[in-house]
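Working notes for the structure below.
Below, chain A is the first sequence line, B the second, and so on; all start at residue 1.
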Amino acid sequence: MRENLPKNYNPKEFEEKLYEYWNENGYFTPKVDNSKKPYTIMMPPPNVTGTLHMGHALNNTIQDILIRYKRMQGFEALWLPGTDHASISTEAKVVEKLKSEGKSKEELGREKFLEESWEWTKVYGGRIKNQLKKLGVSCDWSRERFTLDEHMNKAVTEMFVRLYEKGLIYRGDRIINWCPNCHTAISDAEVEHEDTHRYMYYIRYPLKDENDGIIIATTRPETMFGDLAIAVNPNDERYKEYIGKTAILPLSNREIPIIADEYVEMDFGTGALKITPSHDPNDFEVGERHNLGHLIVLDEDARINENGGIYKGLDRFDARKKVAEDLKEQGYLIDIKEYENAVGHCERCKTVIEPIISKQWFVKMEPLAKPAIDAYNNGELKFIPDRFGKVYLHWLENIRDWCISRQLWWGHRLPVYYCESCGEVIVSRDEVEKCNVCGSYNIKQDTDTLDTWFSSGLWPFSTLGWPDKTPDLEYFFPTDTLVTGYDIIFFWVIRMVVTSLSEMGEVPFKDVFLTGLVRDSQGRKMSKSLGNGIDPLEIIDEYGADALRFTLVTGNSPGNDMRFYIERVEANRNFANKLWNASRFLLMNLEENFSSLSDEEMELVDEDKWILTKLNEIIPQINDNLDKYELGLAAEKIYNFLWEDYCDWYIEMVKTRLYGEDGLNKKTAQTVLLRVLKEILKLLHPFMPFITEEIWQHLPETEKPLIIENWPIKNDNMVFEREKEEIDYIKTAIKAIRNIRSEMNVPMSKKSKLIFVPDNEEIKETILKNSRKFITLASAEDLEIENKNIKFGTDYVSIVLEKCEVYMPLKDLIDITKEIERLDKERLRLEDEINRVDKKLANEGFVSKAPKNIIDEEKQKKIKYTQMLESVKDRLKILQNIVEEDK
RNA sequence: GGGUGGUUAGUUCAGCUGGCAGAGCGCCACGUUGACAUCGUGGAGGUCGUUGGUUCGAGUCCAAUACCACCCACCA
């Protein structure tokens with residue numbers, strides 16, 4: 001028994017309920033079925049303790065649209081969800097919490113700290129999952145993963161060991177980016193460069209045993225305690241004689257050599273450069289070339305250490321000031337100039353990072369990058385939009401080794417063990433208890449953890465069970481589409497491609513769909529500090545998830561940033577409301593025991609054929625759009641089809657039949673109404689899953705829920721070109737009549753008589769066949785056909801159409817002068833058009849080179865306009881004669 | 001220093017392979033006709049940043065250029 005749709009569209013009444021219904025019935029869970037094709041998307045795992053923001057909403061809406069589309073097309077569609085342990089960010093939060101309780105992580109110890117962290121993720125971890133559900137995400141929760149799960153650890157360890165065994169992971173003393181606030185090394189990708197206003201200090205380093213000196217320029221004078229040389233360019237005439245001599249380091253009076261190295265730019269600064277191998281990546285290289293050794297002067301809080309003498313304990317920025325002051329006092333500081341350059345900041349906490357030499361673990365990237373470059377060039381990997389391919393290539397072609405060890409506790413601990421007795425380094429899949437070299441049991445595991453992106457870099461296959469050969473992995477891998485923001489191409493996309501190519505032997509996904517940023521209405525990035533973030537959940541609460549989803553995928557194109565306007569959500573809520581009411585209208589006009597007619601039984605009239613043709617035209621277009629990831633275009637087509645074609649025209653045209661008695665005619669209208677609505681619901685379902693399913697469940701003759709219904713395919717038996725054109729003609733006529741009535745301020749309630757003067761029998765027939773439409777849609781009370789010779793006087797308004805004229809008796813409302821003016825304007829317009837067409841057709845180049853259909857079109861236009869112009873002229877002549885006679 | 005994107009109606013944006021410029025919102029006028037005022041009908045509003053080029057034909061392709069935004073980069 002069908003129940004009626006409630007009078008008002010209220011998404012709250014059904015969204016949650018439907019989600020539960022889908023989820024509980026297992027519609028989100030695909031099976032491994034070799035008779036069907038899989039389609040797989042891995043959800044980019046949000047931070048486990050995060051909250052849903054617009055970026056997530058956009059991302060997941062897109063993924064859900066793709067998954068629902070493919071599911072309806074009959075694929076075994078797997079969308080695997082999960083969360084990321086976000087080591088650095090979660091650890092910082094837990095540390096902060098401990099701090100507020102007056103505790104520190106060191107006091108607590110590693111084990112207790114991890115317990116706290118797990119507790120934290122338990123408290124805040126479920127949040128984002130429930131928030132995602134409100135969006136309607138049809139992902140398979142039975143396969144949910146967490147990047148720090150035990151199984152994930154197995155995968156991470158396996159990957160680490162394999163890469164180590166291939167010589168692609170190594171440990172070494174390198175310059176890394178140290179965050180003095182997070183107390184850990186971070187990778188290059190995690191450093192944000194920002195132009196910063198600083199000062200350039202010009203410092204004179206005196207020469208040993210000589211009354212001379214050399215001036216260097218630096219922005220970081222506090223690192224001078226780590227200077228191990230001064231370098232000049234070997235070709236620099238100014239400094240040739242200094243090479244090989246010894247300089248005295250001011251403030252500490254240490255002796256350092258003056259060396260020559262090509263790296264030094266002669267025309268920058270003073271052409272002489274202080275070399276601080278332990279605190280600058282370039283100096284490090286220079287130092288290596290000249291065997292300068294290392295000297296670290298900053299501790300892990302970026303304070304000067306014991307190598308800085310009396311400056312020990314000073315923060316780097318305080319030390320900078322103090323050093324400058326003292327240099328000035330002692331006469332070494334020659335000049336200070338304002339200077340602007342890019343300074344690296346920690347991506348997470350925005351602290352200025354400090355390049356510092358440190359023993360860390362690295363992944364050797366160059367050998368891994370090569371196959372990743374090839375994969376793009378071969379077309380195995382595609383980006384949408386394609387321009388991001390260049391960004392991807394550029395990064396890979398200039399890749400540097402990836403620092404993967406972090407001095408954090410919350411994460412995957414390195415599967416590395418050290419023998420405290422003989423110093424052996426053991427990398428192992430299993431826990432090591434005994435040294436395989438010296439036999440000692442004095443073994444300690446490395447205390448560092450891995451970069452979060454190391455574990456998320458395995459996401460496309462670790463989630464499916466890798467390194468085990470599971471049926472899931474076999475069936476669903478490689479995945480099809482990755483949907484993510486362009487801002488994490490380097491962090492994540494590249495790492496997944498690289499690890500997958502290396503260990504799986506193929507790309508982890510075929511298409512990478514990159515989304516832009518969702519900005520506020522003023523185009524600013526949404527951020528916590530600005531407080532301009534718009535909470536998706538509040539939007540859902542007020543307007544429903546469907547309206548939000550629709551807003552996020554329309555009016556923008558892939559990879560481009562979009563502005564978020566509440567007005568657009570409102571407009572899309574109105575669209576949902578329109579659909580709701582159209583459906584309600586249909587249900588109100590279906591009998592309780594309605595059963596639709598078969599193709600053979602139906603007695604289709606023009607408007608039925610028109611709407612069916614239109615429907616069958618957009619289906620392939622929408623498929624095409626979706627296959628090309630043009631979601632916005634697809635959505636727009638459905639929007640227009642529903643609102644304009646179905647609601648504004650078809651429903652209005654069909655009303656008289658619904659209210660009438662004629663059984664077959666009425667039943668045909670009902671059948672077509674229902675059929676087309678069902679197709680609309682299917683097409684719209686991926687975009688607006690809730691409202692479409694809700695309506696669907698209220699419709700008669702549905703066998704299964706919409707979520708697993710079959711995706712529409714074009715029905716060639718229901719395409720009627722001629723009728724489509726006829727109805728389009730009728731629409732044009734109705735619009736023209738409405739236009740005139742509106743111009744003349746004829747109220748809707750005042751019905752008018754319409755007198756048609758058709759040019760030929762064909763048009764006459766079309767008009768007669770569709771006469772009722774003029775009565776309901778053009779406020780006509782009556783309709784007459786007259787022949788050409790009848791002359792209508794000044795009591796009539798005339799409308800000139802293609803192949804037909806229409807006259808309306810509107811005696812009191814007509815101002816003859818204005819009417820002549822109006823027609824004269826029309827005359828001018830048509831003459832202009834004809835001139836334009838004539839010019840085109842007179843153009844030798846156009847006629848000989850343009851495609852035939854374009855030329856034919858122009859010729860048709862010429863015929864049409866000429867005929868219309870004649871009619872307008874005739875009418876003008878009649879009116880002008882009457883005016884003359886009156887004089 | 002290198003690279004990318006944007007510049008189209010008052011506003012926010014679409015516009016796929018070149019063939020008489022589109023939408024939402026806003027605005028103006030009319031209208032509560034038995035799905036919907038979260039609505040209907042009609043309307044106003046654009047030299048598609050600028051300059052060249054290719055072409056029968058350019059918002060669309062090419063080359064410059066301006067402005068805005070972003071990304072990358074080890075000149076201290």
Handout entry: Contact pattern, 5' to 3', of nucleotides 33-43 of chain B - B, S or - by protein heavy atom under 4.0 Å
Key = B-BB-BSSSSS
Fill in the blank from the handout: Given protein heavy atoms under 4.0 Å, the one-letter contact record of nucleotides 69-76 of chain B, with B base, S sugar-phosphate only and - none, is simply ---SSBBB
Handout entry: Nucleotide-resolved protein contact map, nucleotides 56-64 of chain B, B/S/- at heavy-atom distance under 4.0 Å
Key = B--------
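Contact annotation: side chain of R568(A) to base of rC25(B), donor-acceptor pair absent below 3.5 Å.
Taking atom CG of residue L841(A) and atom P of nucleotide rC20(B), one finds them 14 Å apart after rounding to whole Å. Here the C1' atom of nucleotide rU12(B) and the CG atom of N560(A) are 14 Å apart, to the nearest Å. Taking atom CD on E644(A) and atom C1' on rG24(B), their separation rounds to 12 Å, with Å as the unit. Summarising the geometry, the separation between CD on E636(A) and P on rC16(B) is reported as 12 Å, rounded to the nearest angstrom. The separation between N556(A) atom CG and rC13(B) atom P is 10 Å, rounded to whole Å. Protein atom CG of N572(A) is 11 Å distant from nucleotide atom C1' of rA23(B), rounded to whole Å.
Here the nucleotide nearest the side chain of S557(A), chosen from rA14(B), rG24(B), rU12(B), is rA14(B).
Base pairing of rC25(B): its partner is rG10(B), meeting the Watson-Crick or G-U wobble criterion (both donor-acceptor distances under 3.5 Å). Here rC16(B) sits opposite no nucleotide as a Watson-Crick or G-U wobble pair (both hydrogen-bonding atom distances under 3.5 Å). Pair assignment for rA63(B) gives rU51(B), based on Watson-Crick or G-U wobble hydrogen-bonding distances that are each under 3.5 Å. In this structure, rC39(B) and rG31(B) make a Watson-Crick or G-U wobble pair, each of the two defining distances being under 3.5 angstrom. Across all strands shown, rG46(B) remains unpaired; no Watson-Crick or G-U wobble contact has both distances below 3.5 Å. In this entry rU4(B) has rA69(B) as its Watson-Crick or G-U wobble partner, both defining distances falling under 3.5 Å.
When ring centroids are compared, Y392(A) and F383(A) come within the 6.0 Å threshold. For Y639(A) and F575(A), the ring centers sit closer than 6.0 Å to each other. F513(A) has its ring centre less than 6.0 Å from the ring centre of Y629(A).
Between rC13(B) and R563(A), a contact under 4.0 Å exists linking OP1 or OP2 to a side-chain N or O.
The shortest non-hydrogen separation linking N572(A) to A547(A) is CB-O, 3.8 Å. The two residues M224(A) and V323(A) come nearest to each other via the heavy atoms SD-CG1, 3.9 Å.
Taking the P atoms as reference points, rG53(B) lies 29 Å from rG10(B), given to the whole Å. When the C1' atom is used for both rC71(B) and rU11(B), the distance is 28 Å, rounded to whole Å. The same atom, C1', is picked in rG5(B) and in rA44(B); the two are 33 Å apart, to the nearest Å.
Taking CD of E743(A) as the reference point, atom CZ of R822(A) lies at 6.5 Å (rounded to 0.5 Å). Atoms CG and CG, on L677(A) and L579(A) in that order, are 6.5 Å from each other to the nearest 0.5 Å. Annotation: the span from I275(A) atom CD1 to I256(A) atom CD1 amounts to 9.0 Å, rounded to 0.5 Å.
Among the atoms of the strands shown, none is found under 4.0 Å from any heavy atom of R741(A). No contact: I175(A) has no heavy atom under 4.0 Å from any strand.
Shown here is Y199(A), whose OH atom has no more than 12 heavy atoms of other residues, nucleotides or ligands within 6.0 Å.
Looking at residues two or more places apart in sequence or on another chain, you find a ring-ring contact (aromatic ring centres under 6.0 Å, His included) between F362(A) and Y170(A). Partners of D487(A) according to the salt bridge (Lys or Arg N to Asp or Glu O under 4.0 Å) rule, which considers only residues two or more places apart in sequence or in another chain, do not exist here.
A donor-acceptor pair under 3.5 Å links the side-chain atoms of N233(A) to the main chain of V264(A), judged by distance alone. For the pair E858(A) (side chain) and K840(A) (backbone), a donor-acceptor distance under 3.5 Å is absent.
Annotation: cation-pi pair K382(A)/F388(A) absent, no NZ/CZ under 6.0 Å from the ring centroid and within 45° of its normal.
When each of E858(A) and T554(A) is assigned the nucleotide of RNA chain B bearing its nearest heavy atom, the one mapping closer to the 5' terminus is T554(A). Where M562(A) and Y865(A) each meet RNA chain B at their nearest nucleotide, the meeting point lying more 5' is that of M562(A).
In this structure the side chain of K637(A) reaches within 4.5 angstrom of the side chain of N625(A), judged on heavy atoms. Between D520(A) and R563(A) the shortest side-chain heavy-atom distance does not fall below 4.5 Å.
Within residues 226-235 of chain A, no residue has any heavy atom closer than 4.0 Å to RNA chain B.
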